[in-house]
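In each ligand, atom 1 is the first atom listed, and ligand 1 is the first ligand listed. Below, all heavy atoms of this structure are taken into account, side chains as well, without hydrogens, waters or symmetry copies.
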Amino acid sequence: MSKDIFVLAEQRDGDIQKVSIELIGEAKRLSKSLDEKVVAVLLGSEIKDKASILTAYGADKVIVVEDPILGEYATEPYAKAVCKIIKEYDPEIVLCGATSIGRDLAPRVSARVHTGLTADCTSLDIDEETKLLMMTRPAFGGNIMATIVCDRHKPQMATVRPGVMKSLEKDESKKGEIEYFDIKFTKEDMNIKIREVVKETKEVADITESKVLVSGGRGIGKAEGFKMLKGLADVLGGEISSSRANVDAGWIEKDYQVGQTGKTVKPSLYIAAGISGAIQHIAGMEESDLILAINKDKGAPIFDIADLGIVGDVNTIIPKLKEAIESEKS
Ligand code: FAD
């Protein structure tokens with residue numbers, strides 16, 4: 001019988017990715033309704049030392065597969081390993097980050113083990129009656145949130161967006177079981193040749209890490225408007241971010257985009273400057289602790305979810321806010 005919640009832990013160059021830690025926290029929350037264990041699956045080359053990180057963040061058990069072929073991510077050997085583990089352990093649920101790796105791996109695995117996959121989920125829950133996993137994601141261009149169940153096949157599989165779920169506090173005293181799973185790889189399992197791994201060198205701020213975001217929408221008027229927002233972000237010790245409209249206009253890079261097709265952020269303070277509050281934007285920032293909206297249209301939907309609102313022109317209000325904070329500091 002299927003049991004336990006498996007989290008496919010993602011590592012890059014041996015560093016466990018934050019989304020995997022978040023997923024272990026979420027799996028732990030879900031496991032309470034199912035009375036099952038949380039099992040992390042860690043694949044890589046010379047990776048076993050990292051297993052204790054996963055137990056410190058809440059995994060009850062870690063299944064480790066080590067092989068030089070798993071050193072750099074490649075679809076075939078990773079898919080083979082995960083499918084073998086699923087066949088061997090028969091998990092109830094399998095969760096994976098909706099990262100570039102997760103988005104490549106999870107659909108292949110789900111097709112091979114003949115189950116469904118709900119991609120890009122923004123929330124998960126257990127139906128108390130059926131004990132099925134309820135997987136929620138934006139659908140129809142973000143106009144509705146669809147809750148999907150996979151009631152005829154196991155495991156129930158979902159990829160989850162980074163930054164959405166809450167990690168547990170790290171507890172180094174927490175020890176879990178570590179199990180090594182042996183897979184015999186052959187030359188044929190590697191159907192590509194990795195000639196070189198080229199890492200992006202450009203320096204961009206990680207907006208998912210910032211405690212304060214000053215986010216600009218089309219209402220900032222032009223690309224230079226971000227300089228004004230940066231001034232405020234600097235005095236608040238934060239970063240700038242953007243709606244998609246400005247990314248599409250070429251005013252700022254995609255790395256700064258918040259929303260359904262951008263990043264999900266949860267800062268302590270999110271200032272939405274000249275952003276209307278389209279559902280696709282809100283999907284990426286509504287979990288922020290405090291939302292301050294500045295918009296010249298008092299009927300803008302952003303005010304419906306804002307904790308504080310200022311009706312007015314961003315070009316007047318942002319410099320005034322900056323000035324007031326600076327004089328408060330001095
Ligand atoms: P607008 O909707 O044009 O709003 C501008 C706002 O600025 C208005 O409310 C206006 O009153 C106000 N304003 C104008 N001038 C001033 C001023 N001087 N002072 C103060 N206020 C002013 N959008 C995202 O942001 N992120 C996503 O990830 C995303 N994904 C999408 C995915 C899909 C499949 C689709 C279909 C759309 C997606 N969108 C996304 C686009 C989204 O629907 C909106 O079009 C977009 O968010 C609008 O951006 P905006 O609020 O900056 O612009």
Side-chain angles (χ1 to χ4, degrees), residues 19 97-100 103 118-123 136-146 148 159-164 204-208 210 213-233 238-267 270-288 291-324:
V19 63
T99 60
S100 49
R103 285 175 172 159
T118 307
D120 242 5
C121 293
T122 51
S123 85
T136 302
R137 55 153 296 151
F140 295 108
N143 290 315
I144 60 160
M145 296 302 281
I148 296 161
T159 61
V160 178
R161 307 192 76 189
V164 180
V204 285
D206 182 358
I207 59 167
T208 62
S210 186
L213 285 175
V214 183
S215 205
R218 211 191 310 255
I220 64 170
K222 50 186 183 301
E224 286 67 36
F226 280 110
K227 283 198 190 123
M228 174 179 74
L229 301 188
K230 181 85 175 99
L232 178 60
E239 287 296 339
I240 52 165
S241 55
S242 176
S243 72
R244 177 162 147 179
N246 296 346
V247 174
D248 289 348
W251 296 354
I252 191 162
E253 285 168 75
K254 173 105 171 73
D255 304 82
Y256 294 90
Q257 182 187 320
V258 171
Q260 186 193 323
T261 44
K263 292 186 176 159
T264 305
V265 297
K266 265 191 290 188
Y270 187 89
I271 302 181
I275 294 178
S276 59
I279 187 166
Q280 297 90 353
H281 185 80
I282 288 172
M285 46 65 79
E286 64 191 332
E287 295 295 319
S288 306
I291 299 168
L292 165 63
I294 306 166
N295 199 302
K296 67 177 186 188
D297 171 11
K298 70 175 184 335
I302 192 75
F303 288 126
D304 297 340
I305 59 136
D307 300 289
L308 297 168
I310 303 175
V311 179
D313 189 332
V314 284
N315 298 303
T316 316
I317 290 158
I318 296 283
K320 279 198 172 153
L321 263 180
K322 178 174 174 256
E323 206 183 295

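Of all the atoms in ligand 1, the ones that sit under 4.0 Å from a non-hydrogen atom of T261 are 27 (C), 28 (O), 29 (C), 30 (N), 31 (C), 32 (C). Those atoms of ligand 1 with a heavy atom of V258 less than 4.0 angstrom away are 24 (C), 25 (O), 26 (N), 27 (C), 28 (O). Under a 4.0 Å criterion applied to the non-hydrogen atoms of Q260, ligand 1 contributes the atoms 27 (C), 28 (O). For ligand 1, the atoms lying closer than 4.0 Å to a non-hydrogen atom of G259 are 26 (N), 27 (C), 28 (O). Every atom of ligand 1 with a heavy atom of G262 under 4.0 Å away is listed here by number and element: 28 (O). Close contacts of ligand 1 with D297, meaning ligand atoms under 4.0 Å from a residue heavy atom, involve 11 (O). Close approach of ligand 1 to G312 is summarised as follows: ligand atoms under 4.0 Å from at least one heavy atom of the residue are 19 (N), 20 (C).
Panel note: side chain R161, backbone Q260; a donor-acceptor pair is recorded below 3.5 Å. In this structure, the side chain of D120 does not engage the main chain of A98 through any donor-acceptor pair within 3.5 Å. Put simply, the side chain of N295 never gets that close to the backbone of G274: no donor and acceptor are under 3.5 Å apart.
The NZ atom of K320 sits 10.5 Å away from the CD1 atom of I310 when rounded to the nearest 0.5 Å. Note: L213 CG to I240 CD1 = 10.0 Å, rounded to the nearest 0.5 Å.
Between Q257, K254, M285, it is Q257 that holds the heavy atom closest to atom 27 (C) of ligand 1. Here the shortest heavy-atom distance to atom 19 (N) of ligand 1, taken over V314, V247, N246, belongs to V314. Within the set I317, D313, I220, the minimum heavy-atom distance to atom 18 (N) of ligand 1 is found for D313.
Remark: ligand 1 and G274 share an N or O pair separated by less than 3.5 Å (distance only, no angle test). For a threshold of 3.5 Å applied to N or O pairs, the pair formed by G217 and ligand 1 contains no separation below that value. For I294, no nitrogen or oxygen atom sits less than 3.5 Å from a nitrogen or oxygen atom of ligand 1, counting backbone and side chain alike. At a 3.5 angstrom cut-off on N or O pairs, S242 does not count as close to ligand 1.
Legend: side chain to side chain donor-acceptor pair (under 3.5 Å) pairs involving residues 308-319, not counting sequence neighbours, sorted by first then second residue: D313-N315.
For the pair K263 and I207, the minimum side-chain heavy-atom distance is below 4.5 Å. In this structure the side chain of I305 reaches within 4.5 angstrom of the side chain of M285, judged on heavy atoms. Side-chain contact between D307 and L292 is absent, with no heavy atoms from C-beta onward closer than 4.5 Å.
Looking at A278 against ligand 1, only its side chain comes within 4.0 Å, counting heavy atoms. With a heavy-atom cut-off of 4.0 Å, I302 does not touch ligand 1 at all.
Taking a 6.0 Å sphere around NZ of K266, one finds it holds more than 12 heavy atoms contributed by other residues, nucleotides or ligands.
Residues satisfying the side chain to side chain donor-acceptor pair (under 3.5 Å) criterion with S215, sequence neighbours excluded, are S241, Y270.
Residue G216 places every heavy atom at 4.0 Å or more from ligand 1.
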